*Asks:* 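One structure, as structure tokens, below. Some questions next.
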Amino acid sequence: MAVPKRRQSKSRQKMRRGANRWRAPIFKSCPECGTRIPSHIACPSCGNYRDRQVLDVEAL
């Protein structure tokens with residue numbers, strides 16, 4: 001079985017665990033209606049994505 005030759009320092013241990021921390025989701029505002037939506041998702045309130053209509057909101 002593989003065993004580490006040297007003990008990891010506290011600094012490296014914290015750097016490794018720092019990648020697992022929770023981060024708040026980043027929202028952007030829709031250019032058409034101004035609601036807050038996640039990136040790369042069509043706006044659920046107006047149906048626009050990248051300056052064009054992709055969803056028919058009345059049907060939803």
Side-chain angles (χ1 to χ4, degrees):
M1 245 170 78
V3 177
K5 188 168 278 221
R6 301 230 183 268
R7 177 181 173 176
Q8 273 196 340
S9 69
K10 292 176 185 173
S11 171
R12 287 191 66 79
Q13 185 178 6
K14 288 176 186 176
M15 280 194 282
R16 187 183 70 239
R17 291 189 180 146
N20 299 330
R21 75 166 196 256
W22 180 82
R23 291 180 181 93
I26 299 170
F27 293 104
K28 65 181 187 96
S29 59
C30 175
E32 295 295 319
C33 62
T35 58
R36 307 287 287 163
I37 55 170
S39 298
H40 308 290
I41 293 194
C43 180
S45 60
C46 67
N48 281 6
Y49 179 69
R50 297 188 67 160
D51 300 329
R52 61 189 170 103
Q53 189 74 24
V54 294
L55 291 177
D56 187 20
V57 179
E58 287 73 48
L60 297 176

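Predicted model only: the values in this text are computed from it and were never measured.
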*Asks:* More than 12 non-hydrogen atoms from neighbouring residues, nucleotides or ligands closer than 6.0 Å to CZ on R6, yes or no?
*Replies:*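 No - once you tally the heavy atoms of other residues, nucleotides and ligands closer than 6.0 Å, there are 12 at most.
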*Asks:* So which atom in V54 and which in N48 form the shortest heavy-atom distance, rounded to 0.1 Å?
*Replies:*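 Heavy atoms of V54 and N48 come nearest at CG2-C, 4.3 Å.
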*Asks:* Give every donor-acceptor pair under 3.5 Å between a side-chain atom in residues 35-47 and any protein atom, sequence neighbours left out.
*Replies:*
residue	atom	partner	partner atom	Å
T35	OG1	S45	OG	3.3
R36	NH2	F27	O	3.3

*Asks:* Compile the donor-acceptor pairs under 3.5 Å between side chains in residues 10-17 and protein atoms, sequence neighbours left out, one pair per line.
*Replies:*
residue	atom	partner	partner atom	Å
R16	NH1	Q8	OE1	2.2

